[in-house]
Amino acid sequence: METYEAVRKSVTVPTAPERAFELFTARIQEWWPLRTHSVGLEDAAGIAFGQGAGAAIIETLADGTTSVWGIITDWEPPHSVAFTWHPGRPEADATRVEVTFTQDEPGSTVVRLVHSGWERRRDGGSARDGYDSGWEPVIGRFAETAATLH
């Protein structure tokens with residue numbers, strides 16, 4: 001079986017790990033670019049990040065239908081969260097995303113995202129390449145929003 005390197009993204013935000021974790025999870029609606037990075041695109045109405053292992057990440061469309069993006073597998077606030085990831089795809093194609101929040105200096109947090117498990121998808125190589133560029137604006141939007149918290 002072919003293997004693919006994980007997608008890795010990192011950003012430093014000017015807020016404590018607790019606030020960065022809360023923004024990434026409970027307040028995802030405030031920063032996630034739904035119009036460009038969602039199942040429904042212009043019909044996307046909201047996104048909710050469940051709290052705790054076993055909870056779901058769910059997109060809601062304007063007509064009220066929902067799409068499960070993934071299931072939280074590890075929940076360790078404010079240090080890390082991990083989840084399966086399959087927006088718009090069958091659960092069998094789920095990859096894995098792990099996000100860690102590490103204090104850099106007082107009032108500053110390094111947020112690292114690692115997206116792996118491409119081998120589970122038939123289109124693993126192209127999917128990996130798409131997410132490698134696709135995570136950039138998402139993490140950028142997170143960082144911009146985090147900068148307004150202090």
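- Linking Ile, Leu, Val, Met, Phe, Trp and Tyr whenever their side-chain heavy atoms come within less than 4.5 Å puts I28 and F21 in one cluster.
- Rounded to the nearest 0.5 angstrom, E22 CD and E30 CD are separated by 8.5 Å.
- Screening H115, K9, R8 for a side-chain hydrogen bond (donor to acceptor under 3.5 Å, both in side chains) with D132, the sole residue that qualifies is K9.
- Atom-to-atom distance recorded for F101:CZ and L113:CG is 9.0 Å, nearest 0.5 angstrom.
- Shown here for R128 and Y4, the closest heavy-atom pair between the two residues is CD-CB, 4.4 Å.
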Please tabulate, for side-chain N and O atoms in residues 137-147, each donor-acceptor pair with protein atoms closer than 3.5 Å (sequence neighbours left out).
{"unit_1": "T145", "atom_1": "OG1", "unit_2": "R141", "atom_2": "O", "d": "3.0"}

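- Not counting sequence neighbours, the partners of S38 by the side chain to side chain contact (heavy atoms under 4.5 Å, CB included) test are L34, L41, A44, E59, W69.
- Using a 4.5 Å cut-off between side-chain heavy atoms of Ile, Leu, Val, Met, Phe, Trp and Tyr, with links allowed through other members, I47 and W135 fall into the same hydrophobic cluster.
- Atoms CZ and CG, from R27 and L149 in turn, are 5.5 Å apart once rounded to the nearest 0.5 Å.
- With rounding to the nearest 0.5 angstrom, the OG1 atom of T60 is 8.5 Å from the CD atom of Q29.
- At distances below 3.5 Å, at least one donor-acceptor pair connects side-chain atoms of T109 with backbone N or O atoms of T15.
- The two residues G88 and S67 make their nearest non-hydrogen contact at N-OG, 4.1 Å.
- We find the CZ-OG distance between F24 and S80 to be 11.5 Å, quoted to the nearest 0.5 Å.
- Here Y131 and W118 bring their ring centres to under 6.0 angstrom of each other.
- Contact detail for I58 and A56: the closest heavy-atom pair is CG1-CB, 3.7 Å.
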Quiz item: Yes or no on side-chain contact (heavy atoms from CB on, under 4.5 Å) for T95 and R120, after CA distance, side-chain angles and deciding distance?
Solution: CA-CA 7 Å; T95 52; R120 295 189 68 179; 5.5 Å; no
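- Of the possible polar contacts, one joining the S126 side chain to the D123 backbone as a donor-acceptor pair under 3.5 Å is found.
- Closest of all the heavy-atom pairs between T73 and A53 is O-CB, 4.0 Å.
- One hydrophobic cluster, built from ILVMFWY side chains closer than 4.5 Å, holds both V39 and I57.
- Screening V99, T102, T12 for a side-chain contact (heavy atoms from CB on, under 4.5 Å) involving R112 leaves a single residue, T102.
- I71 is not connected to V114 by any chain of hydrophobic side-chain contacts under 4.5 Å among Ile, Leu, Val, Met, Phe, Trp and Tyr, and they are in different clusters.
- Looking at V81 and I72, their side chains come closer than 4.5 Å, going by heavy atoms from C-beta outward.
- With rounding to the nearest 0.5 angstrom, the OG1 atom of T84 is 9.5 Å from the CZ atom of R96.
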Quiz prompt | Residue pair V13, V111: steps toward the side-chain contact (heavy atoms from CB on, under 4.5 Å) verdict | solution = CA-CA 7 Å; V13 295; V111 180; 4.1 Å; yes
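- Hydrophobic cluster membership is shared by V11 and F49, with clusters built from Ile, Leu, Val, Met, Phe, Trp and Tyr side chains linked at under 4.5 angstrom.
- The closest side-chain heavy-atom distance from Q51 to T25 is below 4.5 Å.
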